[in-house]
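First up is the structure itself, then whatever we jot down about it.
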Amino acid sequence: MSLKGIYKNALVPFAVYWILPAVLIASVYYFTIGKFPILLMFTVLAYGLLEEIGWRGFLQEQLKSLPKFTSILIIAVLWFAWHLNFEITPSNMIFFGIIFFGSWGIGKVYTSTGSLLAVAGVHSLNNFFRNGLHETELTLIVILLVIWVGFIILYNRKYKTVVNPA
């Protein structure tokens with residue numbers, strides 16, 4: 001795994017997974033709140049990158065010999081504990097479900113791209129919306145996920161790339 005992964009250079013995943021969401025999210029913030037969240041954009045993306053170095057760059061690689069479900073469950077449990085969620089409450093169980101499916105989805109991005117920038121961008125998407133999801137945020141998430149999944153599929157078809165076929 002590297003910053004660029006399957007892409008010819010790091011500029012491609014940087015533009016698609018970092019610049020595009022940053023511009024879209026900053027534009028929405030600007031038109032709804034009246035200011036650009038520059039510090040928020042930088043910290044959320046950098047934090048996502050630092051976490052994904054551990055979750056995908058290290059842990060997922062170490063667990064790849066295990067059955068897929070088992071490795072996803074281990075990552076999800078550790079990621080859940082990482083967020084200091086130790087109580088079994090309904091909201092924490094919903095959060096665990098989100099973490100579990102996030103581990104699966106971000107893991108798919110990892111196996112498809114091998115790019116730390118790509119997985120960090122996808123991870124960071126969740127971190128942008130800490131005050132709850134409203135219609136605008138859900139719309140942005142859906143738009144970005146459709147763009148990203150389409151981009152991965154088209155790129156992989158065009159260049160016939162495979163990072164980790166397992």
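Keep in mind the model is a prediction, meaning the values are calculated, not measured. Numbers here simply count residues along the sequence, with the first being 1.
Between His83 and Ile99, some side-chain heavy-atom pair lies under the 4.5 Å cut-off. Residues Val77 and Phe96 have side chains in contact (heavy-atom distance under 4.5 Å, counting atoms from C-beta outward). Within the 4.5 Å cutoff, the side chain of Tyr155 has heavy atoms near those of the Ile6 side chain.
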What donor-acceptor contacts under 3.5 angstrom involve side-chain atoms of residues 48-59, with partners at least two apart or in another chain?
unit_1 : atom_1 : unit_2 : atom_2 : d
Glu51  : OE1    : Trp55  : NE1    : 2.8
Glu51  : OE1    : Trp79  : NE1    : 3.0
Glu51  : OE1    : Trp82  : NE1    : 3.3
Glu51  : OE2    : Tyr47  : OH     : 3.4
Glu51  : OE2    : His123 : NE2    : 3.3
Glu52  : OE1    : Arg56  : NE     : 2.6
Glu52  : OE1    : Arg56  : NH2    : 3.2
Glu52  : OE2    : Arg56  : NH2    : 3.1
Glu52  : OE2    : His123 : ND1    : 2.6

Taking only distance into account, with no hydrogens and no angle test, what donor-acceptor pairs under 3.5 Å do side-chain atoms of residues 8-27 form with protein atoms, sequence neighbours excluded?
unit_1 : atom_1 : unit_2 : atom_2 : d
Asn9   : OD1    : Leu11  : N      : 2.9
Asn9   : OD1    : Val12  : N      : 3.4
Tyr17  : OH     : Tyr7   : OH     : 3.1
Trp18  : NE1    : Leu117 : O      : 2.9
Ser27  : OG     : Val23  : O      : 2.7

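The heavy-atom pair separating Ile72 from Trp104 by the smallest distance is CD1-CD1, 3.5 Å. The minimum heavy-atom distance linking Ser124 with Leu45 is given by the pair OG-CA, 3.5 Å. Residue Leu3 comes nearest to Ser115 through the heavy atom pair O-OG, 2.6 Å, listed as atom of the first residue, atom of the second, then distance.
Thr43 meets the side chain to side chain contact (heavy atoms under 4.5 Å, CB included) test with Leu39; sequence neighbours excluded. Every residue meeting the side chain to side chain contact (heavy atoms under 4.5 Å, CB included) condition with Thr32, not counting sequence neighbours, appears here in chain and number order: Val28.
Rounding to the nearest 0.5 Å gives a distance of 9.0 Å between CZ of Phe151 and CG of Asn156.
Tyr30 belongs to a hydrophobic cluster whose other members, connected by ILVMFWY side-chain contacts under 4.5 Å either directly or through intermediates, are Phe31, Phe36, Ile38. Other cluster members for Ile94: Ile98, joined by side-chain heavy-atom distances under 4.5 Å among Ile, Leu, Val, Met, Phe, Trp and Tyr.
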